[in-house]
There are 2 protein chains.
Amino acid sequence: MLTIGKLGEAAGVKVPTIRYYEQIGLLPEPDRSAGNQRLYGQSALDRLAFIRHARELGFPLEAIRDLLSLTDNPGQSCAAADVIAKKQLAAVKARIVRLTALEAELKRMITQCAQGTVADCRVIEVLSDHSHCAQDHRTSEAAE
Amino acid sequence: MLTIGKLGEAAGVKVPTIRYYEQIGLLPEPDRSAGNQRLYGQSALDRLAFIRHARELGFPLEAIRDLLSLTDNPGQSCAAADVIAKKQLAAVKARIVRLTALEAELKRMITQCAQGTVADCRVIEVLSDHSHCAQDHRTSEAAE
DNA sequence: TCTTGAAGCTATAGCTACTAGAGACCTTAG
DNA sequence: CTAAGGTCTCTAGTAGCTATAGCTTCAAGA
């Protein structure tokens, strides 16, 4: 049996995060020791590793909740899991496109900065006026 | 003079967002009409456009606060602006790297999904065990 | 056995950058 | 003059945690 600290270490998740996941119902309430401390078994570790991994892949917690409900009834079709993953892939692709445009714009800004005074700084100037931009980045990362 | 609605329209920023920016001190408190409604001039529009553009480029509000304080004293060196922009560029680059790894992993997961039942669905399996991953994406987008 | 320090407990508040709602007030066109 | 739509303040909510306070429990060394 693992304490919450050991579980967190094993799964690579911080202790308060585990308690948070329990609170929002992603992890079941574990058994407690005589002194009221949480005790976890292998299944909790597996489940937490699953959650962590999905978070690393950028899945929002609600999608993870759905994925977990799939694993909880493993007899049914995995088409639902496939749909979630495809949706996530589309989102990731879109973000890459937008970020790449931002990268180009920032590079351009920086290379044009003459290192003089703020009054004639390209960085400030570009930020002041969108017409200085090479591309349209109006549907941006920040606007998500 | 512009009302808050007209200002928002002109700058492409929603009305509650303008009030929020005022609240956190990014925008100065404007004059008011006899009926206590906010009235803005050209300088507020310029400042708001600057903020919006910087947000589109992914700058966090704190960085924008710093950039705005630079524009408020335009005589000094623009090295600080350069530093802020370079920091932002580095952050954007790092996100692209991570997202590209995520993209590859999601593609791999999806192509391997046998479209059978959850029990042999690779989507679930890959998410359950990090050792299935082609790359290490442990320093991920989600972990930011 | 006692003690000390780490780890655990609950509960609450905070973070970013907004967004949404309630209920009242102002402005303007017809 | 009235009705519609814009604006006002205030509060609370969103995601996904993180941090703090003040307490209790546990494990190891003297």
Side-chain angles (χ1 to χ4, degrees), chain A residues 1-27 29-40 44 48 50-68 88 91 95 139-144, chain B residues 1-27 29-40 44 48 50-68 87-88 91 95 98 139-144:
Chain A
M1 286 304 223
L2 298 163
T3 62
I4 196 168
K6 297 293 174 196
L7 177 71
E9 211 174 309
V13 174
K14 285 179 191 148
V15 168
T17 305
I18 297 171
R19 287 197 277 250
Y20 170 70
Y21 287 163
E22 179 184 326
Q23 191 192 314
I24 64 169
L26 274 191
L27 288 176
E29 292 185 21
D31 293 335
R32 301 284 185 132
S33 73
N36 198 37
Q37 300 193 348
R38 291 170 179 82
L39 290 177
Y40 298 93
L48 185 55
F50 179 97
I51 296 169
R52 190 211 160 187
H53 202 176
R55 288 292 300 132
E56 283 172 344
L57 288 169
F59 289 89
L61 289 181
E62 277 318 293
I64 295 172
R65 201 186 287 278
D66 293 347
L67 288 168
L68 281 170
Q88 192 61 21
R95 294 181 81 180
T139 308
S140 78
E141 190 67 7
E144 273 184 355
Chain B
M1 287 303 227
L2 300 163
T3 63
I4 196 169
K6 296 295 174 193
L7 177 71
E9 208 175 310
V13 174
K14 285 177 192 150
V15 167
T17 305
I18 296 171
R19 287 196 277 250
Y20 170 70
Y21 287 163
E22 179 185 325
Q23 191 191 314
I24 64 169
L26 273 192
L27 288 176
E29 293 185 20
D31 293 335
R32 301 283 184 132
S33 72
N36 198 36
Q37 301 194 346
R38 291 170 179 83
L39 290 177
Y40 298 93
L48 185 55
F50 181 97
I51 295 170
R52 191 212 160 184
H53 198 185
R55 288 292 301 130
E56 282 171 348
L57 288 168
F59 289 87
L61 289 182
E62 275 317 293
I64 294 171
R65 200 187 288 279
D66 293 347
L67 288 168
L68 282 170
K87 217 163 164 180
Q88 181 59 21
R95 298 180 82 180
R98 275 183 269 118
T139 308
S140 77
E141 188 69 4
E144 274 182 357

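Here is how names work: the chains are called A, B, and so on, in the same order as the sequence lines, proteins then strands, and each is numbered from 1.
- Rounded to an integer number of Å, the gap from A:Leu61 CG to D:dT14 C1' is 13 Å.
- Between B:Glu62 and B:Arg65, at least one side-chain N (NZ, or NE/NH1/NH2) sits under 4.0 Å from a carboxylate O, which counts as a salt bridge.
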task: Step by step, work out the side-chain contact (heavy atoms from CB on, under 4.5 Å) result for A:Tyr40 and A:Ile18.
output: CA-CA 11 Å; A:Tyr40 298 93; A:Ile18 297 171; 3.6 Å; yes

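- Close to C:dC18, at under 4.0 Å from its OP1 or OP2, lies no side-chain N or O of B:Lys14.
- The pair B:Glu29-B:Arg38 fails the salt-bridge criterion, with no side-chain N (NZ, NE, NH1 or NH2) lying under 4.0 Å from an Asp/Glu carboxylate O.
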query: What string of B, S and - do you get for nucleotides 4-14 of chain C, 5' to 3', if B is base contact, S is sugar-phosphate-only contact and - is no contact with any protein heavy atom under 4.0 Å?
result: ----SSB----

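- Separation of atoms CE (B:Met1) and CG (B:Asp31) is listed at 5.5 Å; rounding is to 0.5 Å.
- Atom P of nucleotide C:dT19 and atom OH of B:Tyr20 are separated by 10 Å, given to the nearest angstrom.
- The CD-C1' distance, from B:Glu22 to C:dA17, rounds to 16 Å in whole Å.
- The NZ atom of B:Lys6 lies 13.0 Å from the CG atom of B:Leu39; values are rounded to the nearest 0.5 Å.
- Judged purely by atom type and a 3.5 angstrom limit, A:Arg55 uses its side chain to pair as donor or acceptor with the backbone of A:Phe59.
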For nucleotides 28-30 of chain C, list the nitrogen or oxygen atoms of the protein found under 3.5 Å from its nitrogen or oxygen atoms, one pair per line.
none

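- Here the P atom of nucleotide C:dC18 and the CD atom of B:Glu56 are 11 Å apart, to the nearest Å.
- Minimum interatomic distance between A:Leu27 and A:Ala44 (heavy atoms only, all atoms of both residues): CD2-O, 4.5 Å.
- Annotation for B:Gly5 and B:Val15: closest pair CA-CG2, 3.8 Å, computed over non-hydrogen atoms.
- Here the C1' atom of nucleotide D:dG16 and the CZ atom of A:Arg52 are 16 Å apart, to the nearest Å.
- Between B:Leu2 atom CG and C:dT27 atom P the separation is 16 Å, expressed in whole Å.
- Atom NZ of A:Lys14 sits about 11.0 Å away from atom CZ of A:Arg52, to the nearest 0.5 Å.
- An OP1 or OP2 oxygen of D:dT25 is reached within less than 4.0 angstrom by no side-chain nitrogen or oxygen of A:Ser33.
- Atom-to-atom, CD of B:Glu62 to P of C:dT16 comes out at 7 Å; the value is rounded to the nearest Å.
- Side-chain nitrogen and oxygen atoms of A:Tyr21 include at least one within less than 4.0 Å of the OP1 or OP2 phosphate oxygen of D:dC17.
- B:Glu29 places its CD atom 16 Å from the C1' atom of D:dT7, with the value rounded to the nearest Å.
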